[in-house]
Amino acid sequence: MFSRNLLGPTKDKMPHDLPKAYDPTAIEDHWAGYWVRENLFAVSTPTELVQNQCLDGKSPFTILLPPPNVTGRLHMGHMLNQTEMDILTRWRRMSGRLALWVPGTDHAGIATQMMVERQLTEEGTSRQTLGREAFVERVWAWKSHYGGAILEQMKRLGVSVDWSREYFTMDERLSVAVREAFVRLYAQGLIYRGAYIVNWCPRCQTAISDLEVVHQEQKGHLWEIRYSVLDSFGRDSGEYITVATTRPETMLGDTAVAIHPEDERYLHLHGKKLRLPLMDREIPIVVDPWVSREFGTGAVKVTPAHDPNDFAIGERHHLPSINVMDDRAHINENGGPYQGLDRYVARKKIVADLEAQGLLGAIKDYTNNVGHCDRCKTVVEPRLSTQWFIAVNKEPNGGGESMAEKARAAVRADSSGKKAIRFTPENYEKIYLNWMDDIHDWCISRQLWWGHRIPAWHCGVCHKITVPEPGATGDPAACAHCGSDKITQETDVLDTWFSSGLLPVSVFGWPNITPETRADFDAFYPTSLLVTGFDILFFWVARMIMLGCWFAGDVPLPDGSPRRPAETVPFREVYIHALVRDANREKMSKTKGNVIDPIEIVKQYGTDAVRFTLASMASPGTDIAFNVARTEGYRAFANKIWNAARFIFMNVDRAAEVGIRIERRWFAAPPLLTNESRLEDLWIMSRFCNTAKRVNEALEKYRFDDAANVIYQFFWGEFCDWYLEIVKLRLNFNESLDNSEATDSLATLLYVFQNSLRLLSPFMPFLTEEIWHALYEGMPPRKSIALTSYPQFEESYLTQVTYPSAETSMEHLVLAITSIRSRRKDLGIEDKVLVKAKVASSKSGVLRKNRDILLKLARLEDVEVVLFSERDSDDRYKNLAWQAFGHVDVYLDYQKEIDVAAERERLTKDIAKYEKGLAAAERQLGNEAFLAKAPVHVVEGLKEQEAETRLLLEKTIAALETLPKE
RNA sequence: GGGCGGUUAGCUCAGUUGGUUAGAGCGCCUGCCUUACAAGCAGGAAGUCGGGGGUUCGAGUCCCUCACUGCCCA
């Protein structure tokens with residue numbers, strides 16, 4: 001097998017004996033392992049770099065892998081994300097940048113805790129039985145055993161990350177950063193603790209942030225409940241006020257009923273009290289303009305402990321808050337007779353009891369938006385609870401901008417129009433800013449055991465909170481307020497996104513930035529790019545911007561000068577990629593069962609083909625409907641490349657037989673072509689340079705689709721379809737002949753092929769690596785094609801010769817060939833039959849000069865080439881059945897009966913087409929306004945087109961007339 | 001309810017600042033195992049660019065409107 005030669009090439013073996021069909025499984029594992037083993041993409045701490053300045057003058061290209069959950073399994077979204085990052089990183093690396101891609105995993109608080117809890121349940125135990133310390137140990141054990149499987153999957157995809165820098169968000173050094181970030185924010189007055197309505201997940205038994213709540217429409221009911229109005233003696237007045245609710249069980253915690261101050265229906269009730277049914281509690285009627293008069297009955301029950309709006313009303317009217325549910329959303333001791341019941345059981349019972357007491361009004365069907373836990377899909381319970389928050393809109397102690405303000409400024413254009421962070425696609429900038437404009441304080445505490453424990457200590461004596469001073473190491477021994485040593489650490493942990501939001505600063509050493517340790521930070525911060533999905537735009541991207549801008553601002557530049565805001569950002573660019581959907585544009589989900597496992601597809605079609613599929617469909621802003629039909633097509637492309645290699649190796653071997661060896665300089669520099677060089681060589685070099693230029697431009701704009709399609713088109717449609725076919729004419733190696741022509745052709749062929757491999761390698765790293773090594777017969781100049789340079793548009797090279805004329809000449813030749821082929825088909829000439837042809841053209845010189853190509857590719861026995869003018873003035877050419885193809889007319893000398901009817905139909909159809917086109921052109925050219933206002937090249941182009949169409953029309957009509965009458 | 005996007009060939013999608021007769025892949029039809037490749041080669045069919053209106057010499061592209069559809073936020 002081919003790759004075995006690379007591991008130990010032997011002279012006596014045929015080195016280029018490749019299997020006929022490309023088999024990715026035979027090579028991919030080998031190279032994936034090789035890249036990791038050889039540490040090819042490791043970037044050591046730069047020693048002589050100044051801030052963002054490489055020795056060669058190019059800044060480093062730095063990119064962080066969005067850390068997958070340690071519990072994660074690779075899905076299509078990851079694969080898209082990683083393919084895009086890998087293409088860009090490989091491309092930047094090959095383009096001469098110091099390219100660092102840092103991988104790692106996220107401890108994923110809730111997800112991981114759930115995973116281990118599930119295991120414990122199966123074992124018949126629980127985390128509570130184990131206790132906190134043992135449980136956390138158990139999670140670590142789980143992590144070392146099962147965690148990070150996703151990184152192994154990534155290795156299989158061949159991502160060019162620096163594995164030596166792999167991190168885990170709970171690593172010691174990153175935990176230090178988390179703690180320091182917390183204590184600094186606390187010292188700045190931006191972290192506070194308080195009782196607020198939070199989203200409570202009864203399943204996970206923790207508060208979750210607004211972002212972790214997914215709203216879903218759900219069919220439910222709207223229950224109307226009658227509350228008795230009391231008279232001035234506290235007795236039932238006989239009057240009722242009716243409220244409507246979707247959550248009747250919360251009435252247990254009602255502390256008021258609110259009405260709109262100007263609602264005429266209730267004016268007489270201002271200042272009255274009500275009897276809360278079932279609980280027999282007196283509650284006031286309050287007036288509040290927030291109440292909508294149109295909704296329901298215009299009277300709303302107020303449950304400050306279980307609804308954010310009610311909480312606000314409660315604050316305004318100094319109402320008590322009665323929390324009626326416990327951590328599991330069971331009714332607690334404040335729920336009277338309902339204590340201990342699950343919320344939904346309680347709901348049923350309360351409705352039944354109300355009905356029994358005649359206090360239940362209408363029950364209406366009602367669809368409302370119910371919040372669910374993002375993680376476990378349990379219905380979230382808004383619930384009053386004491387949590388830790390970051391005040392994102394608040395000025396820090398000592399003044400200055402808030403975190404949100406800094407984070408907005410980083411994205412908005414400054415006075416000179418520059419943006420410190422640029423989004424692609426651009427519209428995400430607006431989405432980000434809209435969100436940032438009404439951002440709420442961030443609830444950062446979670447009632448979990450797995451995560452970074454909040455570095456705050458509660459005093460058992462004075463009940464105040466002690467948070468260490470910034471920079472302090474070690475835990476406090478005594479209360480900072482009363483000196484008592486009876487302090488215990490807060491049991492809550494931090495939101496996972498708090499630690500991942502710090503990654504851009506923490507992975508490069510923050511907060512430990514000293515002259516000795518700062519080299520990484522100086523070189524790699526800000527990172528160059530973030531590639532991620534829009535689903536974590538707010539979760540992660542926004543938090544990184546807030547935290548990055550906040551903390552990097554304290555780190556001076558290497559020369560000691562203060563860091564300007566634009567240099568505090570965590571990344572300079574954000575590329576938001578699309579969602580990968582299934583072939584029917586459905587969102588992939590486990591419940592729908594339409595999840596495509598990338599590893600399965602990779603096994604079936606090869607990593608390169610899947611990568612190429614994703615790249616070719618990754619048009620910014622458009623979701624990807626992943627269709628294996630596409631992947632099948634790109635597997636065919638991989639096979640095409642493979643077979644081109646086989647063809648080339650075959651010729652290298654044939655050359656070797658007559659003593660011609662590959663010379664390294666053929667690879668190193670482009671062939672020296674002149675205006676006298678052969679057309680196909682000039683043309684393919686021109687096309688290659690053009691392709692390289694377009695690929696570089698496309699990648700610069702994150703147009704992975706354009707880049708992939710341009711390469712595909714070049715390699716298959718130009719290099720294989722035309723160049724290889726033509727070059728077969730030249731590759732005649734013979735001991736008795738002068739082989740210089742064949743050798744020259746081989747040199748150009750190898751140059752273009754080898755550089756095409758480089759061009760392709762960021763997209764198809766495995767296949768190109770394999771063939772590239774084989775080209776050097778196992779003795780390559782570098783360890784990997786990934787360490788060679790990326791083809792660039794070589795301006796100086798292209799000005800040496802007249803490439804544009806080579807392109808037009810080649811186009812003409814191609815037109816002549818395809819025209820003859822088309823005519824052959826029309827006449828029903830079998831492929832293997834060689835015929836004689838006459839070709840009239842506007843460029844007969846090109847066709848005469850490349851007669852051999854014309855004969856071979858059009859399968860001709862002989863060809864006579866004349867100019868149009870010669871043909872038209874010579875009687876010998878009159879009355880022949882010419883077929884017009886624009887700049888070329890074709891006549892084939894073939895005796896077989898032609899199908900007159902079919903021919904007539906075809907010509908008639910053509911005539912109709914030309915007439916239509918001609919009419920359109922004439923109409924426009926007859927328009928004086930058009931002639932006056934349109935740019936010259938447009939007018940000239942149209943005139944030319946009109947003339948051509950007219951000529952085609954005339955010729956076709958003539959051809960129709962020469963057909964025998966029926 | 002607020003905001004953003006989409007509608008182009010049978011399918012999945014490109015189409016850059018308005019400019020000559022709208023492209024690609026897959027699929028489809030016809031013929032070929034032409035020694036790199038049948039995962040291939042050659043030739044071909046297929047679109048009134050969601051509907052309507054407007055701006056313009058000129059609109060898939062800009063504006064208005066309607067329809068359908070997706071997403072985010074509340």
**Message:** For a quick test of reading the model: is some side-chain N or O of A:Ser822 closer than 4.0 Å to OP1 or OP2 of B:rG44?
**Reply:** yes
**Whole angstrom value for the distance that separates C1' of B:rU17 from NZ of A:Lys701** = 12 Å
**Message:** Looking only at the side chain of A:Ala636 (C-beta and beyond, no hydrogens), which of the listed nucleotides B:rG40, B:rC57, B:rA14 gets closest?
**Reply:** B:rG40
**Message:** Which nucleotide wins on minimum distance to the side chain of A:Met650, given the candidates B:rA36, B:rG43, B:rG19?
**Reply:** B:rA36
**Asked** Ignoring hydrogens and angles, are the base of B:rA36 and the side chain of A:Glu725 linked by a donor-acceptor pair under 3.5 Å?
**Response** yes
**Prompt:** Any idea which of B:rU56, B:rC41, B:rC26 is nearest the A:Lys933 side chain?
**Reply:** B:rU56
**Asked** A:Arg630 side chain: which of B:rC26, B:rC72, B:rU12 is closest?
**Response** B:rU12
**Prompt:** Nearest of B:rA36, B:rG19, B:rC72 to any side-chain atom of A:Phe538?
**Reply:** B:rC72
**Message:** Could you write out RNA chain B as dot-bracket? Rules: Watson-Crick or G-U wobble, both distances under 3.5 Å, brackets [ ] for crossings, | for pairs with another strand, dot for unpaired.
**Reply:** (((((((..((((.....[...)))).(((((.......))))).....(((((..]....)))))))))))).
**Fill in**
Here the distance between atom C1' of B:rA39 and atom CE of A:Met764, to the nearest Å, is 12 Å
**Request:** Would you classify A:Asn651 as touching base, sugar-phosphate or nothing, given that sugar-phosphate means primed atoms plus P, OP1 and OP2, and contacts are heavy atoms under 4.0 Å?
**Result:** nothing
**Request:** Kindly say whether the aromatic ring centers of A:Tyr605 and A:Tyr634 come within a distance under 6.0 Å.
**Result:** no
**Prompt:** Would you call A:Glu954-A:Arg950 a salt bridge at under 4.0 Å N-O?
**Reply:** no
**Request:** Look at the rings of A:Phe637 and A:Phe612 and say which category their plane angle falls in: under 30° parallel, 30 to 60° tilted, over 60° perpendicular.
**Result:** tilted
**Request:** Please measure how far the P atom in B:rU69 lies from the corresponding atom in B:rG53, and state the result in whole Å.
**Result:** 24 Å
**Message:** Taking the P atom in each of B:rG70 and B:rG23, what is the distance between them to the nearest angstrom?
**Reply:** 32 Å
**Complete:** Checking B:rA39, B:rC26, B:rG43 against the side chain of A:Asn639 (C-beta onward), the nearest is B:rA39
**Request:** Let me know, please, whether A:Thr949 or A:Tyr22 comes out on the 5' side of the other along RNA chain B by nearest nucleotide.
**Result:** A:Thr949
**Message:** In whole Å, measure the gap between the P atoms of B:rG54 and B:rA59 for me.
**Reply:** 12 Å
**Asked** Can you check whether A:Ala698's main-chain N or O pairs, donor with acceptor, with A:Asp706's side chain at less than 3.5 Å?
**Response** no
**Prompt:** Do A:Arg824 side-chain atoms and A:Asp831 backbone N/O form a donor-acceptor pair below 3.5 Å?
**Reply:** yes
**Request:** May I ask you to say what A:Asp831 touches in the nucleic acid, namely base, sugar-phosphate or nothing, with a heavy-atom cut-off under 4.0 Å?
**Result:** base
**Request:** Could you measure between the two C1' atoms, the one in B:rG15 and the one in B:rA36, and give it in whole Å?
**Result:** 34 Å
**Asked** Which one, B:rA36, B:rA42, B:rA39, comes nearest to the side chain of A:Lys640?
**Response** B:rA36
**Prompt:** Do we get A:Lys640 above A:Phe719's six-membered ring, with its NZ or CZ under 6.0 Å from the centre and within 45° of the axis?
**Reply:** no
**Message:** Between P on B:rC37 and CZ on A:Phe649, what's the gap in Å once rounded to a whole number?
**Reply:** 15 Å
**Prompt:** Got a salt bridge between A:Asp705 and A:Arg630, using NZ or NE/NH1/NH2 to carboxylate O under 4.0 Å?
**Reply:** no
**Asked** Pick the nucleotide of RNA chain B nearest each of A:Lys728 and A:Ala929; which residue has the one closer to the 5' end?
**Response** A:Lys728
**Asked** Could you state the interatomic distance from NZ (A:Lys20) to CG (A:Asn639), rounded to the nearest 0.5 Å?
**Response** 10.5 Å
**Message:** Without decimals, in angstroms, what is the distance between A:Lys825 NZ and B:rC32 P?
**Reply:** 8 Å
**Prompt:** Which is true for A:Arg824 with a 4.0 Å heavy-atom rule: it touches a base, it touches only sugar-phosphate, or it touches nothing?
**Reply:** nothing
**Item:** Same-atom distance (C1') from B:rA42 to B:rU34, integer angstrom
**Value:** 10 Å
**Prompt:** Is A:Leu931 touching bases, backbone alone, or none of the nucleic acid, heavy atoms closer than 4.0 Å?
**Reply:** nothing
**Asked** Taking the C1' atom of each, how far is B:rC66 from B:rG19, in whole Å?
**Response** 29 Å
**Fill in**
Among B:rC41, B:rG15, B:rU20, the one nearest any side-chain atom of A:Arg703 is B:rG15
**Interatomic distance where CD belongs to A:Glu632 and P belongs to B:rG27 [whole Å]** = 7 Å
**Request:** Starting from P on B:rG23, measure out to CZ on A:Arg694 and report it in whole angstrom.
**Result:** 14 Å
**Request:** For a ring pair (Phe, Tyr, Trp, His ring centres under 6.0 Å) with A:Phe423, tell me which candidate from A:Tyr432, A:Tyr575, A:Tyr428 qualifies.
**Result:** A:Tyr432
**Request:** If a protein heavy atom is under 4.0 Å from the base, mark B; if only from the sugar-phosphate, S; if neither, -; do that for nucleotides 4-10 of chain B going 5' to 3'.
**Result:** S------
**Phosphate contact (B:rG2 OP1 or OP2) by A:Trp435 side-chain N/O below 4.0 Å** = no
**Request:** For B:rC71 versus B:rU16, give the span between their P atoms, rounded off to a whole number of Å.
**Result:** 26 Å
**Prompt:** Quick one: is B:rU34 close enough that its OP1 or OP2 comes under 4.0 Å of any side-chain N or O from A:Arg821?
**Reply:** no
**Message:** Please report the distance separating the P of B:rC33 from the corresponding atom of B:rA24, rounded so that it comes out in whole Å.
**Reply:** 28 Å
**Asked** How is A:Ala644 classified with respect to the nucleic acid when contacts are heavy atoms under 4.0 Å: base, sugar-phosphate, or nothing?
**Response** base
**Item:** Interatomic distance where CG belongs to A:Asn709 and C1' belongs to B:rU12 [whole Å]
**Value:** 12 Å
**Message:** Quick test of your reading of the model: are A:Lys701 and A:Glu697 salt-bridged, counting only N-O distances below 4.0 Å?
**Reply:** no
**Prompt:** Quick one: do A:Lys603 and A:Glu600 make a salt bridge, cutoff under 4.0 Å?
**Reply:** yes
**Fill in**
Taking B:rC41, B:rA14, B:rA39 as options, the one with an atom nearest any side-chain atom of A:Asp706 is B:rA14
**Prompt:** Would you say a side-chain N or O of A:Lys20 is under 4.0 Å from OP1 or OP2 of B:rA38?
**Reply:** yes
**Atom-to-atom span, CD1 of A:Ile829 to C1' of B:rG44 - whole angstrom** = 16 Å
**Prompt:** Any sub-3.5 Å donor-acceptor pair from A:Ser822's side-chain atoms to A:Thr818's backbone N or O?
**Reply:** no
**Prompt:** Does A:Arg821 reach the main-chain N or O of A:Ala858 with its side chain, forming a donor-acceptor pair under 3.5 Å?
**Reply:** no
